[in-house]
Each structure stands twice: as C-alpha cells, then as structure tokens.
Asker: 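Quick one: this structure, given as structure tokens, is what I'll be asking you about.
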Amino acid sequence: MSELTPLTGEALSALRDEFDADGTSRLAMNAVTAAGIEKVARNYDRARLLQRRFSTVVDNGEATHQDRSGRCWLFSSLNVARFIAKKNMNLKEFEFSQNYAMYYDKLERVNYFLKDMAALVAAGEPSDSRLVQHLLADVMGDGGQWTMAMNVYKKYGAVPKDLFPETESSKNTREMNVQLRALLHTAVAHMYAAAGDQAAIDQIVADTTAAGHRILTIHLGEPPVSFDWEWTDKDGEFHRDGEITPVEFWKKYVGPAGLEDYVCLVDDPRAEHAKGKKIGIEHLGNVAGGDATEYLNVPNQFMKDCVKQILVEQGIPVWFGADCHPFMDRENGAWATDLFEYGKVYDVDFDLDKEARVRFGDSAMNHAMAFAGVDVADDGSTRRWRVENSWGSKIADKGYFTMSDDWFTEYVYEVAVPKTMLPAEYQKALEEPATMLPAWDPMGALA
C-alpha cells in the first residue's frame, strides 16, 4: 500500500484563507452555529407548500410509540394487523402487545444464531472471517423484516397489549441487548474452544438457550399461554370469547386477511440485480424452520402501483421499509427530496443517485412504517403519501407523516403486498430459487 499523503500546515492554511475570504461560507457558519443545520437548510417554500391532504385516507386511530427501541418493524406490522382486528371486532381503539412479539422474536433469534454459529464452527469457518465477525457484531439488535414478523405471529400468535404490557426493558432495550449480546459472544467463544466435540457444542447451545430465555423473562415478563378475552365494541355491545390462546386469537381476528401470505417486494437499484427476480440474504432470519427472508426485486413504480391499489380498493394499511433519515422534518412530519438544501449551505454537490447511494454505503433501509393514505391526481399518478409512524402522537400530524412521491422513489426500499396482486411472470419468479446475497449486503439491512 502506498504511503498516505499528510495534510500539511500549508494546505490547512490555504483552506482557512479560502474560507475566510468567502463571505457566503462565513454567513453560513454564523447561521448554523447559532441555529443548527436543520433550520438553516430547511426549504421554506417546499415546507409550506407540501400539502397534508389526501384523496384516500385509512384511519388507524392513535399513533403508537416504540419508545427507545428498534421495534419499528414489529410496531408497523402490528399496526396493519390491528386495523384488521379492530374491523373484525368493531372496535374504535385497539393495540397488540409489541412486547409479546419482541419476546418471542428474541428468544427465537437466540436459537437461530446459536444453531447457525454451531454449523459454521463445525464447517471450519475461521473465527476471524468476515462472515463470523459480521454475525457477531450484528447479533441481538432490535431490527427485523416483514417475513420475520410473520414467522413470529404464525408460531406464537399475538395478544392484546393490556394483557402483556410494556416494561422498562421493552421501552428501552439497550441494556437487555447488551447482556444478550455478551451471552451469545461467550457461547461462540466456547464453541470455538470445543471445536470438533459436537456433544460439547450441543450442550453449549442448550445451556445458552436456557440462559437467554431466563434473561428475556426477567426483563420482559412471562408471556401468557392463554387468556380470557372479552370486550365491548364501539356500539356498546358486549362480547366474550372465553379462554383463547394467542395463536387462536391471531387466526380468528387477523388470519382471514391473509397477511401471512404476503410477499415482500424490494427496489434493489443495482444494475447487476435484475428486476423480476428473487433475492435473499444469507444467515438472515429469526425462526429456525420459518419462512426464509427473501424478496422479489421489482421497479419502484410497480411498488407504488401496488400500494395505491391496496389503499384505494381494499382500504387497509400497507407495511413498508425505507431509509427514513434523509430530508426528514421529524417535528412537522414530512419527507421530500428538496425539503432541505444542504448542498446550498455547504456549497457541495451531493449528486449520488439511488443506486450509488446503496452501492457506496450512503443509504439502506433502516425504518419500517405503514402507508395509511395516498393522494392520487386526476391522471392516476400518485402525488404524496400518508404514513403511520410509531414515534408517538406528539409530533407530525398526531404521529402521521406526509411523504412526497419523489421521496418514495428515492428512499423507499420494500413493501409487503398480497401475492395475488402479482402478474403471472412475477408469480412464476416466486417459484424460482433466490439469488443469495452475503450477510453484509445492504439489502439485508433491518428496519
């Protein structure tokens, strides 16, 4: 490797002189140091002209709040499910227990990770390989995917929130995750020390799974195996189901909507990944034996068309994953590609397109939400989107955000839609094996 050239004192002096001579840069410095970049770069005209009205609105009630956790994918999938459950039970307000879903997701991930690592150890994968180091660094985060959420609900069902409420650790997962991560790192170290002794490795897996269950139950509580369910609907009529299991509850009040049969569409903008083909991510999952985390790569416009059709014709929310950070006005609840003019403040041309942003690590899916409305122009094109977020009701429009259509194009990566919506060629593509991408591929980023 060639020797790196240092930044010299002369070069630094020249940079200082250039900055001091530039009145615009100095003015920008005065403004940003006093008010912050978000206020200075905010495009006033775009912000005031971004309408918050929609031709189709799906009302899902009060916005939920994931607090200091990364459970957006569970919140958003359960927000879709609660809309269906509310309709089936004739309820105005209802919320599923996100704590219950996280409990079983993390317990299953403990098992998935341990079995995956045991197989890698048995196969002779070096402990310092890129794969092992990636899996160790990424283990026991809160993020996930639609398919992973469905794996949990199919196996464990769901319960009303008041029957398994939030705890300090579900609302702020950091310390619990630190302990779980340390537990799993320790187990992997012991596996490598016992390499070649399968009985010893199996015992490590069993003991660590038991310890993971114990840690989760201490932090999150012991989830119900069954419960008595009764409610009064919005018309004042009382109902009683009697004792019911979480799986029975899910099947009865959400199951008919067929969410478990949805497919995930992604917009992978990289030229080497053909549209109309399946892709998957190696070593990405939560429930061993559950559905694999795979996507059908399609044009962004097809994703928009599917979401619009579901909102307008079926009237139910649509789960999606996006890179939520660029050009976001969190307080007012807005996304638009020209909502902030950072380049004009810095005199820098941020010219990467979607493909380049993915390829060079500038963008990836990091947040999941639900579409809850759309504004359709007279010519049938989509103008803007209403988004149900999970950051509480004190921001945006009582927790609901507005997304410009161009922002959807640039920063939405994934949507979950019914398989039956797909044309014949896409249906056929789902039957073909997926092109598997490495564990660290950006399409494996979790919401």
Side-chain angles (χ1 to χ4, degrees), residues 72-73 76-77 80 143-151 259-286 290-310 317-326 335 352-371 382 385 387 403 405-423 425-447:
C72 59
W73 60 290
S76 51
S77 59
V80 175
Q145 290 274 359
W146 171 268
T147 303
M148 295 163 68
M150 292 304 117
N151 282 338
L259 298 184
E260 299 165 14
D261 298 324
Y262 276 32
V263 295
C264 289
L265 308 178
V266 295
D267 175 20
D268 182 345
R270 292 170 293 182
E272 64 269 26
H273 296 158
K275 298 300 185 183
K277 300 294 183 181
K278 272 201 320 185
I279 57 176
I281 307 297
E282 295 173 341
H283 305 279
L284 177 59
N286 57 349
D291 292 335
T293 306
E294 297 177 343
Y295 327 101
L296 182 64
N297 189 23
V298 300
N300 189 272
Q301 184 59 51
F302 181 77
M303 291 167 54
K304 289 182 182 180
D305 292 342
C306 288
V307 177
K308 178 180 69 172
Q309 184 178 342
I310 295 171
V318 181
W319 185 96
F320 75 98
D323 179 2
C324 73
H325 299 305
W335 289 287
L352 297 184
D353 61 14
K354 190 172 188 177
E355 179 177 3
R357 287 194 298 270
V358 169
R359 193 178 299 280
F360 294 101
D362 192 60
S363 182
M365 187 177 78
N366 52 40
H367 190 47
M369 296 163 281
F371 287 113
T382 49
W385 304 83
V387 174
M403 176 193 299
D405 193 65
D406 59 344
W407 197 94
F408 186 127
T409 303
E410 295 297 328
Y411 296 104
V412 171
Y413 287 99
E414 180 178 358
V415 299
V417 305
K419 181 179 178 180
T420 53
M421 295 188 68
L422 305 184
E425 63 269 26
Y426 285 173
Q427 298 267 5
K428 185 178 179 180
L430 291 174
E431 300 172 1
E432 301 295 325
T435 298
M436 299 305 294
L437 305 179
W440 50 83
D441 189 89
M443 285 297 114
L446 299 177

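Keep in mind that the numbers below use all heavy atoms, side chains included, and drop hydrogens, waters and symmetry copies.
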Asker: Name all residues meeting the side-chain contact (heavy atoms from CB on, under 4.5 Å) criterion together with Ala434; count only those two or more places apart in sequence or in a different chain, and write none if there are none.
Answerer: Lys278, Glu294, Met436
Asker: Taking only residues two or more places apart in sequence or in another chain, which ones pass side-chain contact (heavy atoms from CB on, under 4.5 Å) with Thr147?
Answerer: Asn151, Cys264, Asp291
Asker: Please list, chain by chain and in numerical order, all residues satisfying side-chain hydrogen bond (donor to acceptor under 3.5 Å, both in side chains) with Trp73, sequence neighbours excluded.
Answerer: none
Asker: Identify the heavy atoms of Asp268 and Lys275 that sit nearest to each other, and give their distance.
Answerer: O-NZ, 3.1 Å
Asker: Whether the side chain of Gln145 engages the backbone of Gly285 through a donor-acceptor N/O pair (distance < 3.5 Å, no angle test) should be reported.
Answerer: no
Asker: Rounded to the nearest 0.5 Å, what's the gap from OH on Tyr426 to SG on Cys306? Could you check?
Answerer: 9.0 Å
Asker: Has Lys277 got more than 12 heavy atoms of other residues, nucleotides or ligands less than 6.0 Å from its NZ?
Answerer: no
Asker: Do Tyr295 side-chain atoms and Met443 backbone N/O form a donor-acceptor pair below 3.5 Å?
Answerer: yes
Asker: Can you list the residues that meet the side-chain hydrogen bond (donor to acceptor under 3.5 Å, both in side chains) rule with Gln427, with sequence neighbours excluded?
Answerer: none
Asker: Can you give each donor-acceptor pair under 3.5 Å made by side-chain atoms of residues 414-423, sequence neighbours left out, with the distance rounded to 0.1 Å?
Answerer:
none

Asker: Verify whether one side chain among His273 and Asn297 offers a donor that lies under 3.5 Å from an acceptor in the other.
Answerer: no
Asker: Going by ring pair (Phe, Tyr, Trp, His ring centres under 6.0 Å), name the residues that satisfy it together with Trp407, two or more places apart in sequence or in a different chain.
Answerer: Trp335, Tyr411
Asker: Kindly write out the residues that satisfy side-chain contact (heavy atoms from CB on, under 4.5 Å) with Asp405, not counting sequence neighbours, or none if the list is empty.
Answerer: Lys304, Thr382, Trp385
Asker: For residues 355-368, please give each side-chain donor-acceptor pair under 3.5 Å, one per line with the distance, not counting sequence neighbours.
Answerer:
unit_1: Glu355; atom_1: OE2; unit_2: Ala271; atom_2: N; d: 3.1
unit_1: Glu355; atom_1: OE2; unit_2: Arg359; atom_2: NH2; d: 2.8
unit_1: Arg357; atom_1: NH1; unit_2: Leu352; atom_2: O; d: 2.8
unit_1: Arg357; atom_1: NH2; unit_2: Glu410; atom_2: O; d: 3.4
unit_1: Arg357; atom_1: NH2; unit_2: Glu410; atom_2: OE1; d: 2.6
unit_1: Arg359; atom_1: NH1; unit_2: Glu272; atom_2: OE2; d: 3.1
unit_1: Arg359; atom_1: NH2; unit_2: Glu272; atom_2: OE1; d: 2.9
unit_1: Ser363; atom_1: OG; unit_2: Asp323; atom_2: OD2; d: 2.7
unit_1: Ser363; atom_1: OG; unit_2: Tyr413; atom_2: OH; d: 2.7
unit_1: Asn366; atom_1: OD1; unit_2: Cys324; atom_2: N; d: 3.0
unit_1: Asn366; atom_1: ND2; unit_2: Asp323; atom_2: OD1; d: 2.8
unit_1: His367; atom_1: NE2; unit_2: Asn389; atom_2: OD1; d: 2.8

Asker: Please list, chain by chain and in numerical order, all residues satisfying side-chain contact (heavy atoms from CB on, under 4.5 Å) with Glu432, sequence neighbours excluded.
Answerer: none
Asker: Between Asp305 and Gln309, do the side chains contain an N or O donor and an N or O acceptor separated by less than 3.5 Å?
Answerer: no
Asker: Can you give me the closest heavy-atom contact between Val80 and Ala370, atom names plus distance?
Answerer: CG2-CB, 4.3 Å
Asker: Quick one about Ser76 and Trp319 (side-chain donor to acceptor, distance below 3.5 Å, no hydrogens or angles considered), yes or no?
Answerer: yes
Asker: Kindly write out the residues that satisfy ring pair (Phe, Tyr, Trp, His ring centres under 6.0 Å) with Phe320, not counting sequence neighbours, or none if the list is empty.
Answerer: Phe371
Asker: Does anything in residues 438-447 pair up under salt bridge (charged side-chain N to carboxylate O under 4.0 Å, His left out), and if so which pairs, sequence neighbours excluded?
Answerer: Arg270-Asp441
Asker: Can you give me the closest heavy-atom contact between Met148 and Thr293, atom names plus distance?
Answerer: CG-OG1, 3.8 Å
Asker: Using the test side-chain hydrogen bond (donor to acceptor under 3.5 Å, both in side chains), find all partners of Asn300 that sit at least two apart in sequence or belong to another chain.
Answerer: Asp267
Asker: Tell me, with the steps shown, if Leu296 and Val263 meet side chain to side chain contact (heavy atoms under 4.5 Å, CB included).
Answerer: CA-CA 8 Å; Leu296 182 64; Val263 295; 5.9 Å; no
